[in-house]
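Numbers here are sequence positions counted from 1. Everything numeric in this text was worked out from a predicted model, so none of it was measured. Just so you know, ligand 1 is whichever comes first in the structure, and atom 1 is the first atom listed for that ligand.
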Amino acid sequence: MGTDQTANLDKILEKATQEIPLERHELMVLLELNQEQDLAKVFEAARHLRTRYFKNKIFSYGFVYFSTYCRNECAFCLYRKSNQSLERYRKSDTEIMETALSLVESGVHLLDLTMGEDPLYFTKGFEPLITLVEKIKQTTKIRIMLSAGVLSEENLGKFRRAGVDWYATYQETHSIELYDKLRLGQSYEERMKQKYVARNMGFLIEEGLLTGIGDSKEDLIRSLEEMKRLEADQIRVMSFIPQMNTPMQSFPSVPRLRELLLIAVMRLVFPDRLIPASLDVDGLNGLTDRLNAGANVVTSIIPPQSGLAGVSNHSLDIDDGNRTISRILPVLERNGLVLANRYEYDEWVQRRQ
Ligand code: SAM
Ligand code: MD0
Ligand code: SF4
């Protein structure tokens with residue numbers, strides 16, 4: 001970078017630090033960075049903003065992928081319907097409850113109840129799941145996120161009344177053209193609309209991106225604008241991990257720095273929001289980099305030997321216990337961070353509701 005460009009980057013970061021909204025051309029400058037010393041400056045500014053809103057406190061989410069059956073054909077996903085090369089599971093109510101209790105006991109702040117768009121629920125109804133969610137809520141009082149795909153307004157309402165706090169459905173991209181190549185046969189509009197419907201019902205909303213799936217810098221800027229319009233409470237980006245026996249199994253990969261830079265840019269644009277560092281992408285080894293980039297929630301905590309899978313990495317770090325609170329604590333400590341208590345997380349959610 002020449003002197004002028006360095007001065008320009010410093011100016012952009014100063015503006016972000018003062019929380020003056022960045023313009024498109026400024027976001028473009030950030031997204032084009034690839035030199036280590038420039039990235040280090042962006043990460044530092046991101047951490048500075050995180051500290052302003054969250055001090056050194058980090059939140060943590062338990063992940064319960066209770067059914068890997070799915071009626072959809074997402075080109076990037078291992079669990080797409082036509083992939084017959086994997087054994088699927090659907091956990092019983094008792095198993096889900098046991099997992100929920102053990103995660104809460106271990107100290108997570110929220111349970112993320114996730115499934116593929118399991119045809120069983122979509123044809124026979126969500127009543128059993130709604131009853132179970134109600135029971136988990138009453139027993140543990142934990143915050144709950146539902147990641148079950150695109151639900152009808154009626155079902156969303158029932159889950160909200162049963163005590164679900166968050167609704168998560170990631171658009172992956174806000175380029176409609178690219179979306180159509182990724183979420184094959186699924187309506188862009190409908191998926192987007194349900195997030196607004198859910199928000200109006202009082203859910204907190206998580207929006208998410210996949211990077212390394214053919215997304216351009218312009219697409220990413222559009223995504224940031226859509227996230228702003230949606231007023232998403234939690235925003236994420238994950239690197240695409242190629243999956244065997246899927247249409248994108250040989251898709252060329254992009255360097256991890258792209259995800260890290262995006263985490264940092266998200267923090268600059270949305271300083272007071274929650275931004276995950278997912279253990280699902282690079283396991284425990286990838287946690288420090290994501291925290292350094294400005295993330296403030298560790299997601300995809302999974303109890304070992306529970307027979308539960310991840311998504312982008314279906315088994316990495318699970319059975320050896322690396323996706324647990326006790327293993328993340330030393331990593332937080334090494335980075336000058338601590339785990340928040342449940343009360344602090346509840347307070348944050350309450351303020352946004
Ligand atoms: N079935 C629900 C849905 O699609 O909204 C919820 C679970 S889905 C498996 C959760 C997210 O996992 C997807 O939205 C996508 O962002 C992510 N994911 C799926 N396959 C992935 C892959 N190969 N690499 C990285 N992330 C992936
Ligand atoms: C995670 N593997 O948090 C989970 C998943 C779905 N709401 C979340 C992608 O990384
Ligand atoms: Fe199904 Fe979700 Fe995977 Fe798409 S991303 S195939 S909806 S589990």
Side-chain angles (χ1 to χ4, degrees), residues 59-83 86 88 90 103 108-119 121-122 144-151 164 166-173 179 182-187 190-192 194-195 198 204-213 215 223 234-251 253-254 256 259 274-284 286-287 290 295 297-302 308-318 323:
F59 301 132
S60 71
Y61 289 3
F63 180 59
V64 189
Y65 198 6
F66 61 88
S67 169
T68 58
Y69 286 87
C70 190
R71 62 179 183 176
N72 287 333
E73 289 286 10
C74 299
F76 51 82
C77 183
L78 181 69
Y79 302 100
R80 67 200 304 267
K81 181 181 173 191
S82 60
N83 185 1
L86 80 154
R88 295 177 195 261
R90 184 182 289 123
L103 280 167
V108 300
H109 299 117
L110 170 143
L111 293 176
D112 180 2
L113 301 179
T114 301
M115 63 170 200
E117 289 196 3
D118 185 341
Y121 295 96
F122 282 88
I144 297 176
M145 173 182 274
L146 188 67
S147 308
V150 180
L151 303 175
V164 175
W166 287 84
Y167 179 57
T169 40
Y170 314 143
Q171 206 71 15
E172 327 297 357
T173 175
Y179 175 97
L182 297 172
R183 289 197 158 268
L184 304 172
Q186 298 165 55
S187 158
E190 196 192 358
R191 194 170 175 87
M192 207 63 220
Q194 289 314 79
K195 291 179 244 210
L204 267 63
I205 302 297
E206 183 181 22
E207 175 62 305
L209 306 182
L210 268 183
T211 191
I213 33 86
D215 45 322
S223 284
Q234 179 166 307
I235 47 179
R236 79 159 64 202
V237 56
M238 292 187 296
S239 299
F240 162 62
I241 309 287
Q243 308 291 329
M244 291 285 280
N245 303 309
T246 65
M248 291 172 75
Q249 65 176 357
S250 316
F251 204 78
S253 66
V254 303
R256 271 303 182 275
E259 176 187 330
L274 304 185
I275 304 178
S278 175
L279 296 172
D280 210 28
V281 184
D282 294 315
L284 190 62
L287 183 54
R290 288 168 175 81
V297 187
V298 181
T299 67
S300 220
I301 292 190
I302 303 178
L308 289 160
V311 180
S312 31
N313 275 296
H314 85 283
S315 58
L316 173 74
D317 270 0
I318 298 179
R323 294 208 207 177

Just go through Asp112, Leu279, Asp280, Leu113 and tell me whose heavy atom is the nearest to atom 8 (C) of ligand 2.
Asp112
Quick one: closest heavy-atom pair of Pro247 and Ala75, and the distance?
CD-O, 3.4 Å
Closest heavy-atom pair, Lys81 versus Arg88, reported as atoms and distance to 0.1 Å, is O-NH2, 3.5 Å
Any idea which atoms of ligand 1 are less than 4.0 Å away from a heavy-atom of Thr114?
6 (C), 7 (C)
Has Tyr69 got any heavy atom lying under 4.0 angstrom from an atom of ligand 3?
no
Does any N or O in the side chain of Gln194 come within less than 3.5 Å of the main-chain N or O of Leu151, such that one atom is a donor and the other an acceptor?
yes
Salt bridge or not for Arg290 and Glu259, using N-O below 4.0 Å?
yes
Do Phe66 and Leu113 come within less than 4.5 Å of each other through their side chains, counting heavy atoms only?
yes
Looking only at non-hydrogen atoms, which of Thr68, Leu182, Asn313, Ile241 approaches atom 24 (N) of ligand 1 most closely?
Ile241
Are Ile213 and Glu172 packed together at the side-chain level, in the sense that at least one heavy-atom pair is separated by less than 4.5 angstrom?
no
Mark yes or no for whether Glu206, through its side chain, and Trp166, through its backbone, hold a donor-acceptor pair below 3.5 Å.
no
Please confirm whether the backbone N or O of Leu279 pairs with a side-chain atom of Asp282, one donor and one acceptor, at under 3.5 Å?
no
Here the pair of heavy atoms bringing Gly310 nearest to Tyr79 is O-OH, 2.9 Å
Could you list which atoms of ligand 3 come closer than 4.0 Å to a heavy atom of Arg80?
6 (S)
Proximal ligand 1 atoms for Val311, defined as those under 4.0 Å from one of its heavy atoms
9 (C), 12 (O), 18 (N), 19 (C), 20 (N)
Any donor-acceptor pair under 3.5 Å from Asp317 side chain to Arg323 backbone:
no
For atom 1 (C) of ligand 2, what is the nearest protein heavy atom, given as residue, atom name and distance?
Arg236 NH1, 3.4 Å
Identify the protein heavy atom lying closest to atom 17 (C) of ligand 1, giving its residue, its atom name and the separation to 0.1 Å.
Met238 CE, 3.7 Å
Just let me know how Met115 lines up against ligand 3, side chain, backbone, both or neither, with a heavy-atom cut-off below 4.0 Å.
neither
Met115 heavy atoms, cut-off 4.0 Å: which ligand 1 atoms fall inside?
1 (N), 2 (C), 6 (C), 7 (C)
Atoms of ligand 1, numbered as shown, that sit under 4.0 Å from any heavy atom of Phe240
23 (N), 24 (N), 25 (C)
4.0 Å heavy-atom contact, Tyr65 with ligand 2:
no
What are the two closest heavy atoms between Asp118 and Ser67, and how far apart are they?
OD2-OG, 2.6 Å
Using a 4.0 Å heavy-atom cut-off, say whether Ser147 meets ligand 2 through its side chain, its backbone, both or neither.
side chain
Are any of the N or O atoms of Phe76 closer than 3.5 Å to those of ligand 1?
yes
Which residue owns the protein heavy atom closest to atom 4 (Fe) of ligand 3, what's the atom, and how far is it?
Cys74 SG, 2.3 Å
Under 4.0 Å from one or more heavy atoms of Glu172, ligand 1 contributes atoms 13 (C), 14 (O), 15 (C), 16 (O)
Mark up the atoms of ligand 1 that fall under 4.0 Å of a heavy atom belonging to Gln243, in ascending order.
22 (C), 23 (N)
Under 6.0 Å between ring centres, would you say that holds for Phe63 and Tyr65?
yes
Identify, by atom number and element, the atoms of ligand 1 in contact range of Ser239, meaning under 4.0 Å from any of its heavy atoms.
24 (N), 25 (C)
I need the contact type for Tyr65 against ligand 3. Using non-hydrogen atoms and a strict under-4.0 Å cut-off, is it side chain, backbone, both or neither?
side chain
Enter the distance from Arg236:CZ to Ile275:CD1 here, rounded to the nearest 0.5 Å.
11.5 Å
Using atom types as modelled and distance alone, determine if a side-chain donor or acceptor of Arg80 lies under 3.5 Å from a backbone N or O of Cys74.
yes
Heavy-atom nearest neighbour in the protein, as seen from atom 3 (Fe) of ligand 3, with distance rounded to 0.1 Å:
Cys77 SG, 2.4 Å
Please find the pair of heavy atoms, one from Ile318 and one from Ala309, that lie closest to each other, and give the distance.
CD1-C, 4.0 Å
Atom 11 (C) of ligand 1 sits nearest the protein heavy atom Tyr170 CD1, 3.8 Å
Is the closest N or O pair between Glu206 and ligand 2 shorter than 3.5 Å?
no
Taking Tyr170 for its side chain and Ile235 for its backbone only, find out whether a donor-acceptor pair lies under 3.5 Å.
no
Is a side-chain N or O of Asp280 found less than 3.5 angstrom from the main chain of Val311, in a donor-acceptor match?
yes
Tell me the protein heavy atom at minimum distance from atom 5 (S) of ligand 3, and give that distance in Å.
Arg183 NH2, 3.6 Å
Could you tell me the residue and atom name of the protein heavy atom closest to atom 3 (O) of ligand 2, and the distance to it rounded to 0.1 Å?
Thr299 OG1, 2.9 Å
min-distance protein heavy atom vs atom 7 (S) of ligand 3 -> Asn72 ND2, 3.4 Å
Identify, for atom 10 (O) of ligand 2, the protein heavy atom at the shortest distance, and state residue, atom and that distance.
Ser278 OG, 2.4 Å
If we count only non-hydrogen protein atoms and require a distance under 4.0 Å, does atom 8 (S) of ligand 1 qualify as touching the protein?
no
Is there an N/O/S atom in Cys70 that lies less than 2.8 Å from atom 3 (Fe) of ligand 3?
no
Of all protein heavy atoms, the one nearest atom 9 (C) of ligand 2 is Met238 CE, 3.6 Å
Close-contact set for ligand 3 against Gly116 heavy atoms, below 4.0 Å
8 (S)
Contacting atoms of ligand 3, where contact means under 4.0 angstrom from a heavy atom of Phe76:
5 (S)
Give the residue and atom name of whichever protein heavy atom lies nearest to atom 4 (C) of ligand 2, and the separation in Å to one decimal.
Phe63 CE1, 3.5 Å
Please confirm whether the backbone N or O of Leu78 pairs with a side-chain atom of Asn83, one donor and one acceptor, at under 3.5 Å?
yes
Of all the atoms in ligand 1, which lie at a distance below 4.0 Å from a heavy atom belonging to Ser147?
6 (C)
About how many Å separate CG of Leu184 and SG of Cys77, when rounded to the nearest 0.5 Å?
11.5 Å
Shortest heavy-atom approach to atom 26 (N) of ligand 1 - which of Val237, Asp118, Thr211, Leu210
Leu210
Quick check: do Leu110 and Phe59 have side-chain heavy atoms less than 4.5 Å from each other?
no
Taking only non-hydrogen atoms of Arg80, do any sit less than 4.0 angstrom from ligand 1?
no
Mind checking whether Arg183 has a heavy atom under 4.0 Å from ligand 1?
yes
Can a donor-acceptor pair be found, under 3.5 Å and without considering hydrogens, that links the side chain of Gln171 to the backbone of Glu207?
no
Given Glu117, Arg191, Gln171, Gln186, which has its nearest heavy atom closest to atom 5 (O) of ligand 1?
Arg191
